[in-house]
There are 2 protein chains.
Amino acid sequence: MDIREGKQKFIESWGKMAGGWGITPAMAQVHALLLISPEPLCADQVKAELDISTGNVSMNLRALLDWGLVYKETPPGCRKEVYFAEKDLWKVIRQIIINRKKRELEPVLLVLDELAAVQETCPQSEHFCTVVRDIRKLTHKANQTLDTLIKADSHWLGGAFLNMVR
Amino acid sequence: MDIREGKQKFIESWGKMAGGWGITPAMAQVHALLLISPEPLCADQVKAELDISTGNVSMNLRALLDWGLVYKETPPGCRKEVYFAEKDLWKVIRQIIINRKKRELEPVLLVLDELAAVQETCPQSEHFCTVVRDIRKLTHKANQTLDTLIKADSHWLGGAFLNMVR
DNA sequence: TTTTGTTTTCAAAAATGACTGAAAATATCT
DNA sequence: AGATATTTTCAGTCATTTTTGAAAACAAAA
């Protein structure tokens, strides 16, 4: 397999995995392209390589910057801005965790806290409260665990996983 | 907050979280309903409670059975089949991990293994191979970790998370 | 300040994915 | 077997999400 084919396949696969991680295909492709590019790229180059529209490139570069997965630099004496990806995978994962936690876990946490106010007045509500309590406990625990992971440094993060495997 | 309002809110929230977990809204709603129902329900009751079509109920109950999140029972002397959810949350999470791993992680693993065949013949391909190698290592590690989690019993699973938090 | 090159915004179009409804298949009961 | 109740399937419709493209905003250079 040569490098051109490899790049293409990589970008395509990264895009496919995206759905499951709360990332749009285009965003994932831009990220993949920047990940494997040794040099920073400008918006135009990204557009050309991936064959997606100017607006799409702009929006997704912005999103990746917001997510903390990509950085931007303005070379002196040059009008274009260039972008490059965070290459430390643990940092990448951490950023993804942070974003998904905020987007998905925390809203649920809020609702579960609200639901704790339901009174147990009948067999049905008793069962409901038991289930909600269980989920609430677990969700809070997951939330704490993620907070710890987020604060931990990359070395420790890898180590923790390794420990679980052993 | 009374039980009716609580149920509704719970089902709605569960549906919202669904997107991020590779589950359709309707599937999540059916699951939520069965989770908080003290008694098993038949397809018709699910349809009535959630106000979704017969076909949708059927497809999603089937999917939940496939995922191992819901069980089915045929009460003797009765024509309808009734469904009830797995209530042990660790089992639920384990099933979700199993399914998502199969659907999302394993295909990527395959591609990465293929990409290992790219030759390092230029600076660009050298960088490409480095990135792919890193991702590949990490992905395999994640895969192993998940395998361990899946095999572990519920008690240990909770314990492992607890340890990480500490 | 004007020109020129670049990025952002956003309404509309396209693509994707989920849901419906009715017909077909299956299962149960008499 | 025939009648009836239940479940499954799937093509078509509908809703949501993503992408486009062109105009507006912005920024640097002249």
Side-chain angles (χ1 to χ4, degrees), chain A residues 11-12 14-34 40-67 70-84 99-100 103-104, chain B residues 11-12 14-34 40-67 70-84 99-100 103-104:
Chain A
I11 290 172
E12 184 191 310
W14 210 242
K16 273 200 201 137
M17 204 171 56
W21 290 81
I23 289 176
T24 69
M27 183 169 160
Q29 287 183 329
V30 173
H31 186 221
L33 177 61
L34 292 177
L41 300 178
C42 68
D44 240 28
Q45 290 173 298
V46 173
K47 175 185 150 95
E49 288 266 358
L50 300 180
D51 196 33
I52 60 183
S53 72
T54 317
N56 206 2
V57 170
S58 172
M59 286 190 306
N60 284 305
L61 282 174
R62 161 55 45 111
L64 286 165
L65 286 169
D66 288 346
W67 279 53
V70 161
Y71 308 110
K72 141 172 105 165
E73 214 178 41
T74 315
C78 178
R79 203 171 286 193
K80 282 175 201 280
E81 295 180 310
V82 295
Y83 300 84
F84 57 99
N99 281 287
R100 294 194 35 128
R103 243 182 339 111
E104 286 159 30
Chain B
I11 291 172
E12 183 192 311
W14 211 242
K16 274 200 199 139
M17 204 171 56
W21 290 81
I23 289 177
T24 70
M27 183 169 160
Q29 287 183 329
V30 173
H31 186 220
L33 177 61
L34 292 178
L41 300 178
C42 68
D44 239 29
Q45 291 174 297
V46 172
K47 175 184 149 95
E49 288 265 1
L50 299 179
D51 196 31
I52 61 183
S53 73
T54 315
N56 204 4
V57 170
S58 172
M59 287 189 305
N60 284 304
L61 282 174
R62 161 56 44 116
L64 286 164
L65 287 170
D66 287 347
W67 278 54
V70 160
Y71 309 109
K72 142 171 105 165
E73 216 179 39
T74 315
C78 176
R79 201 171 286 195
K80 284 175 199 282
E81 295 180 310
V82 296
Y83 301 84
F84 56 100
N99 281 287
R100 293 194 36 127
R103 243 182 340 113
E104 285 160 30

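Each chain gets a letter, A, B and so on, in the order its sequence line appears, and its residues count up from 1. Given the structure is predicted, the values throughout are model-derived calculations rather than measurements.
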Please round to the nearest 0.5 Å and tell me the distance separating atom [atom1] of [X] and atom [atom2] of [Y].
X	Y	atom1	atom2	result
A:S58	A:K47	OG	NZ	11.5 Å
A:L65	A:K72	CG	NZ	6.0 Å
B:H31	B:L33	NE2	CG	10.5 Å
A:L41	A:E81	CG	CD	14.0 Å
B:L34	B:L61	CG	CG	6.5 Å

Side-chain touch [X]/[Y], heavy atoms, less than 4.5 angstrom:
X	Y	answer
A:W67	A:I23	yes
B:L50	B:V57	no
B:I52	B:V30	yes

Next on the checklist: For a quick test of reading the model, state the closest non-hydrogen atom pair linking A:R103 to A:G22 and the distance between them.
Outcome noted: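 What the structure gives for the nearest pair is NH2-O, 2.8 Å.
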Show me the protein contacts with nucleotides 4-6 of chain C, counting only N or O atoms at under 3.5 Å.
unit_1 : atom_1 : unit_2 : atom_2 : d
C:dT4  : O2     : A:R79  : NH1    : 3.0
C:dG5  : O4'    : A:R79  : NH1    : 2.9

Item to check | Flag, side chain of B:E49 to backbone of B:V46, donor-acceptor distance under 3.5 Å | outcome: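 Flag not set: sc B:E49 to bb B:V46 has no pair under 3.5 Å.
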Checklist entry - How would nucleotides 13-24 of chain C be written as a contact map, 5' to 3', with B for base contact, S for sugar-phosphate-only contact and - for no contact, using protein heavy atoms under 4.0 Å? => result -----SSBB---
Checklist entry - When you list every nucleotide of DNA chain D with an atom under 4.0 Å from a heavy atom of chain B, which one comes first 5' to 3', and which comes last? => result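 The contact span of chain B on DNA chain D goes from D:dT4 to D:dC10.
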